[in-house]
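Remarks on the structure that follows.
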Amino acid sequence: MATSVKNNSLPPSLISNLNQVLLSRQQHTIDHQSTHSSSLPSHSRNVDEPDCSKPLLLITNCEGIDSPGLIFLVQALLSDARFTLHVCAPQSDKSVAGHSLTVRETVAVCSVEMSGATGFEVSGTPVDCVSLALSGALFSWSKPVLVISGINRGSSYGRNMFYSGAVAAAREALICGVPSLCLSFNWKKDVSSESDLKNAADFCLPLISAAVRDIERGKFPESCFLNIEIPSSPLANKCVLQGFKLTRQSLWRSPLSWKAVSANRHPAAGQYLSNQQSLGIKLAQLSRDASAAGAARRLNSHRKNVEIESVGIAGKFNGQQTVKKYFRLELLEKETEKADDNLDFKAVEDGYVAVTPLSLSSTDQSKIETEVSSWISAALGKEQWN
């Protein structure tokens with residue numbers, strides 16, 4: 001509708017000029033809106049929606065978004081050019097976070113430049129990453145075809161699964177109704193190298209492709225996720241892998257060693273803070289914690305605090321004294337034991353890629369193992385399956 005100026009006894013020439021100015025401004029506004037809409041940033045135009053012509057994969061891990069295993073896996077999948085990738089991984093190492101969620105605290109999310117993939121780093125746990133990504137609050141899509149946790153450096157078999165943030169991320173995906181794989185490389189200290197992780201990523205491509213294909217066909221096992229352990233020695237020595245082997249979860253666990261230490265052996269605060277993206281938020285949280293601690297000290301001002309260097313068992317102290325000590329936990333390596341060949345850690349040590357199906361319930365484990373065995377045999381060929 002044209003804009004006009006009413007005749008309030010103004011000169012006709014002035015009225016004509018005003019009408020022309022108003023019409024010109026109206027047209028300029030329309031042109032500006034058109035130009036602005038075509039130049040909106042990607043997040044405003046919602047172009048982070050996946051390419052529907054390619055299966056969408058969500059990649060996460062437990063060691064942090066900058067870890068070599070995740071980077072090599074993303075590069076391998078991008079070079080394959082058959083998938084659309086979204087990455088949502090922890091900001092820092094959360095290897096033994098287990099199935100923990102961050103509640104009653106704010107989780108910070110920051111975009112990360114990843115050529116060919118949409119990436120975000122999250123200040124929370126691996127489970128936070130998967131839960132947030134699948135919630136629809138972060139990405140414009142609701143669910144990917146497959147969630148992959150990895151490639152994680154270090155074993156996640158046996159009872160280590162209960163501690164593993166990598167396994168927990170894949171389990172969370174299954175809880176949310178999305179098929180998932182957890183990929184771990186059996187890293188050997190002073191033996192393995194980053195090139196082994198790259199080889200592992202290339203090796204996993206056929207398995208991932210087969211999983212995506214059969215998920216779309218409705219042939220992939222739905223009642224479990226697969227914990228896949230890649231042996232170190234065959235890749236390091238460039239030998240031929242023995243093949244895949246269906247395995248059962250063992251009772252193997254990394255020995256835990258608690259050591260008393262002095263306070264100055266704690267990781268440097270400066271190094272910790274330098275790795276934080278949201279420094280202001282962290283400092284604010286520290287300030288709140290300090291205030292709470294101060295209030296607690298004032299409430300207990302009648303008690304005498306005694307801080308000692310933690311080098312052994314402390315002696316007896318008066319009941320009104322508080323003793324503060326420091327300890328560090330280390331996970332030790334454990335020699336291979338004689339065990340059933342079908343257990344996960346034994347298969348890996350024998351040079352097999354161990355495939356352990358894990359469900360949310362153990363009641364139908366034998367049925368699940370049969371289903372997974374049939375799938376891998378058909379998906380990868382019997383010559384690779386033992």
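Positions are given from 1, in the same order as the sequence printed here.
One N or O on the side chain of Asp93 and one on the backbone of Ser95 form a donor-acceptor pair closer than 3.5 Å. Listed for the Thr102 side chain is no donor-acceptor partner under 3.5 Å among the backbone atoms of Glu105. Looking at Ser149, its side chain does come within 3.5 Å of a backbone N or O of Ala166 through a donor-acceptor pair. A distance-only check finds no donor-acceptor pair linking the side chain of Ser377 to the backbone of Ser374 [under 3.5 Å]. A donor-acceptor pair under 3.5 Å is formed between the side chain of Asp128 and the backbone N or O of Thr125.
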Inset, instruction - Walk me through it: do Leu246 and Ile376 pass the test side-chain contact (heavy atoms from CB on, under 4.5 Å)? - result: CA-CA 9 Å; Leu246 180 69; Ile376 294 188; 5.9 Å; no

Verdict with supporting geometry, Ile175 and His99, side-chain contact (heavy atoms from CB on, under 4.5 Å):
CA-CA 12 Å; Ile175 291 174; His99 206 109; 3.9 Å; yes

Between Glu369 and Asn342, is the side-chain contact (heavy atoms from CB on, under 4.5 Å) condition met? List the steps. CA-CA 12 Å; Glu369 290 176 359; Asn342 291 323; over 6 Å; no

For this session: Would you sort out whether Val87 and Val112 count as a side-chain contact (heavy atoms from CB on, under 4.5 Å), showing the intermediate values?
Result: CA-CA 9 Å; Val87 179; Val112 176; over 6 Å; no

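Tyr163 and Phe327 fall within the same hydrophobic cluster, where Ile, Leu, Val, Met, Phe, Trp and Tyr residues are linked whenever their side-chain heavy atoms come under 4.5 Å apart, directly or through other members. Put simply, Phe162 and Leu360 are part of two different groups of oily side chains (I, L, V, M, F, W, Y) that touch within less than 4.5 Å, one to the next. Ile59 and Val127 are not part of a single hydrophobic cluster, where members link through side-chain heavy atoms under 4.5 Å apart. Residues Leu132 and Val103 do not share a hydrophobic cluster, defined by chaining ILVMFWY side chains whose heavy atoms lie under 4.5 Å apart. No continuous path of ILVMFWY side-chain contacts below 4.5 Å connects Ile71 to Ile151, so the two sit in separate hydrophobic clusters.
Leu73 contributes atom CG, which lies 11.0 Å from atom OG1 of Thr60 (distance to the nearest 0.5 angstrom). Summarising the geometry, atom SG belonging to Cys204 is positioned 6.5 Å from atom CG belonging to Leu207; distances are rounded to the nearest 0.5 Å. Distance CG/Leu146 to CD1/Ile215: 4.5 Å, rounded to 0.5 Å. Put simply, CD1 on Ile230 and OG on Ser184 are 8.0 Å apart, with the number rounded to the nearest 0.5 Å. Summarising the geometry, atom OG1 belonging to Thr84 is positioned 9.5 Å from atom CG belonging to Leu78; distances are rounded to the nearest 0.5 Å. How far CD of Gln91 is from CD1 of Ile65: 9.5 Å, rounded to the nearest 0.5 Å.
The shortest non-hydrogen separation linking Thr106 to Ser123 is O-OG, 4.4 Å. When all heavy atoms are compared, the tightest approach of Glu172 to Ser131 is OE2-CB, 3.9 Å. When all heavy atoms are compared, the tightest approach of Ala379 to Arg213 is CA-NH2, 3.6 Å. Heavy-atom minimum distance, Met114 versus Gly119: SD-CA, 4.0 Å. The two residues Lys94 and Pro126 come nearest to each other via the heavy atoms CB-CD, 3.5 Å. The two residues Asn186 and Pro231 have their closest heavy-atom pair at CB-CA, 4.3 Å.
Two residues are said to be in side-chain contact when any heavy atoms from C-beta on lie closer than 4.5 Å; Pro55 and Arg82 fail this criterion. Side-chain contact check for Cys88 versus Leu138: some heavy-atom pair is nearer than 4.5 Å. Side-chain contact between Asn61 and Pro90: present, with at least one pair of heavy atoms (C-beta onward) separated by less than 4.5 Å. No side-chain heavy atom of Thr322 sits under 4.5 Å from any side-chain heavy atom of Lys324. Counting only heavy atoms from C-beta outward, the side chains of Trp187 and Ser232 never approach each other to under 4.5 Å. With a 4.5 Å cut-off on side-chain heavy atoms, Val178 and Val130 do not count as touching. Using a 4.5 Å cut-off on side-chain heavy atoms (C-beta onward), Ser359 and Ser223 make no contact. Using a 4.5 Å heavy-atom threshold, the side chains of Asp344 and Asn227 count as separate.
With salt bridges taken as basic N to acidic carboxylate O contacts below 4.0 Å, one links Glu349 and Lys188.
The aromatic rings of Phe139 and Phe120 sit perpendicular, their planes meeting at an angle over 60°, well past the 30° parallel limit.
Ring centroid separation for the pair Phe72 and Phe203 does not come in under the 6.0 Å cut-off.
Of the candidates Asn199, Val348, Leu197, Ile228, Leu197 is the only one forming a side chain to side chain contact (heavy atoms under 4.5 Å, CB included) with Phe185.
Heavy atoms from other residues, nucleotides or ligands lying under 6.0 Å from CD of Glu222 number 12 at most.
In this structure Glu63 satisfies the side-chain hydrogen bond (donor to acceptor under 3.5 Å, both in side chains) test with no other residue, sequence neighbours excluded. The ring pair (Phe, Tyr, Trp, His ring centres under 6.0 Å) test applied to Phe220 returns Trp375, not counting sequence neighbours.
Between the side chains of Ser67 and Arg153, no donor N or O sits under 3.5 Å from an acceptor N or O.
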